[in-house]
Amino acid sequence: ISMPIAGVVADANVLLSAVVGKAALRVFTRFEVVVHVTQFNADEVTEYLPYMARKYGLPIELVEMQWKLLPFRRHPLKYRSRLPQAIADLNDRDPEDAHVLALARLLALPIWSNDRDLSGLDVECYTTARLLRLLSEESESSG
């Protein structure tokens, strides 16, 4: 029997997906999973909101409101001590992903990301599709 997913550490790409109403939004609206976000990634999302609004032809106010309404736990740099190791482990990959990796290790939680750079590490990494599947199975078996 698999352990229930208590929480996940979300990467910026899945959060941006959620704010424009893609499948990622269902993780927030349909399930009781706690989503943790680094301040670094929250800032990254905020910066990209205007781009996402343009890309999907949505009013910026709508996209910003959706972002404000997403229920997640924001973490300042309390995972700072884990950053150097995370950066080293991602050596030839995107160093910006180190924040997600460091927080996931600190909280001992899986990562939620559609970014291949975060797979194959010592931390479980779920794509949106896989996370939704696992959460659905979980809620069916507990229902």
Side-chain angles (χ1 to χ4, degrees), residues 1-56 58 60 62-143:
I1 234 162
S2 64
M3 285 291 294
I5 300 168
V8 290
V9 176
D11 191 9
N13 61 46
V14 296
L15 297 169
L16 286 165
S17 234
V19 296
V20 294
K22 295 202 163 305
L25 185 58
R26 296 207 298 267
V27 172
F28 292 95
T29 57
R30 298 209 184 145
F31 303 101
E32 297 284 310
V33 64
V34 182
V35 177
H36 299 269
V37 178
T38 68
Q39 183 63 53
F40 178 87
N41 290 114
D43 294 343
E44 201 178 354
V45 169
T46 305
E47 195 182 312
Y48 275 96
L49 293 178
Y51 166 79
M52 294 302 279
R54 278 195 309 276
K55 182 177 174 183
Y56 291 94
L58 299 166
I60 183 64
L62 184 75
V63 175
E64 286 172 345
M65 181 58 70
Q66 181 68 44
W67 173 232
K68 286 189 182 90
L69 292 173
L70 282 186
F72 60 83
R73 252 177 238 165
R74 190 184 304 245
H75 295 268
L77 265 177
K78 71 175 189 186
Y79 54 89
R80 185 183 279 122
S81 63
R82 305 286 181 112
L83 263 178
Q85 186 59 54
I87 291 167
D89 292 344
L90 288 167
N91 56 29
D92 53 349
R93 309 181 199 189
D94 185 352
E96 292 195 344
D97 290 333
H99 293 264
V100 173
L101 181 58
L103 184 61
R105 285 175 172 165
L106 181 74
L107 302 175
L109 289 173
I111 292 170
W112 171 27
S113 175
N114 293 320
D115 185 345
R116 294 186 191 284
D117 273 356
L118 287 161
S119 59
L121 296 156
D122 61 342
V123 174
E124 187 76 62
C125 186
Y126 301 125
T127 60
T128 298
R130 183 156 168 238
L131 182 58
L132 285 169
R133 198 165 54 244
L134 291 168
L135 290 168
S136 298
E137 288 166 8
E138 210 172 88
S139 68
E140 282 164 20
S141 66
S142 68

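Since the structure is predicted, the reported quantities are computational estimates derived from the model, not experimental observations.
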Point to revise | Evaluation steps, side-chain contact (heavy atoms from CB on, under 4.5 Å), between His75 and Leu107 | key: CA-CA 11 Å; His75 295 268; Leu107 302 175; 3.9 Å; yes

Exercise for review: Apply the test side-chain contact (heavy atoms from CB on, under 4.5 Å) to residues Glu44 and Leu16: give CA-CA distance (whole Å), side-chain angles for both, the deciding distance (0.1 Å), then the verdict.
Suggested key: CA-CA 9 Å; Glu44 201 178 354; Leu16 286 165; over 6 Å; no

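With sequence neighbours left out, Gln85 forms a side chain to side chain donor-acceptor pair (under 3.5 Å) with Asp89. In this structure Tyr126 satisfies the ring-ring contact (aromatic ring centres under 6.0 Å, His included) test with no other residue, sequence neighbours excluded. Residues passing the side chain to side chain contact (heavy atoms under 4.5 Å, CB included) test with Arg133 are Arg130, Glu137, sequence neighbours excluded.
To the nearest 0.5 Å, the span separating CG on Leu101 from CD1 on Ile111 amounts to 5.0 Å. The distance from atom CD of Glu64 to atom CG of Leu69, rounded to the nearest 0.5 Å, is 12.0 Å. With rounding to the nearest 0.5 angstrom, the CG atom of Leu49 is 11.0 Å from the CG atom of Leu58. In this structure, Arg74 CZ and Gln39 CD are separated by 5.0 Å, a value rounded to the nearest 0.5 Å. Atom CZ of residue Phe40 and atom CG of residue Leu103 lie 13.0 Å apart, to the nearest 0.5 angstrom. If you take OG1 on Thr38 and NZ on Lys78, they are separated by 12.0 Å, rounding to the nearest 0.5 Å.
Between Cys125 and Leu118, the shortest heavy-atom contact is CB-O, 3.7 Å. Of all the heavy atoms in Ala42 and Trp67, the pair that sits closest is O-CZ2, 3.6 Å. Shortest non-hydrogen contact noted between Val35 and Pro71 is CB-O, 4.4 Å. Annotation for Ala98 and Ile87: closest pair CB-CG1, 3.4 Å, computed over non-hydrogen atoms. Residues Ala18 and Ala24 come closest through the heavy atom pair N-CB, 3.8 Å. The two atoms that bring Asn41 and Asp11 nearest to each other are ND2-OD1, 3.7 Å, heavy atoms only.
Val63 is not listed as a side-chain neighbour of Gln66, based on a closest heavy-atom distance of 4.5 Å or more. Using a 4.5 Å heavy-atom threshold, the side chains of Asp115 and Arg93 count as separate. Under the 4.5 Å side-chain criterion, counting only non-hydrogen atoms from C-beta, Val27 is not in contact with Val14. Counting heavy atoms from C-beta outward, Leu77 and Leu83 have side chains that approach closer than 4.5 Å. Looking only at side-chain heavy atoms (C-beta outward), Val123 and Val100 stay at 4.5 Å or farther from each other. Residues Val8 and Leu109 fail the side-chain proximity criterion, which asks for heavy atoms closer than 4.5 Å.
Remark: of the listed residues Phe28, Phe31, Phe72, Phe28 is the sole one forming a ring-ring contact (aromatic ring centres under 6.0 Å, His included) with Trp112.
Side-chain N or O atoms of Asn114 include none that pairs as donor or acceptor with a backbone N or O of Asn13 at under 3.5 Å.
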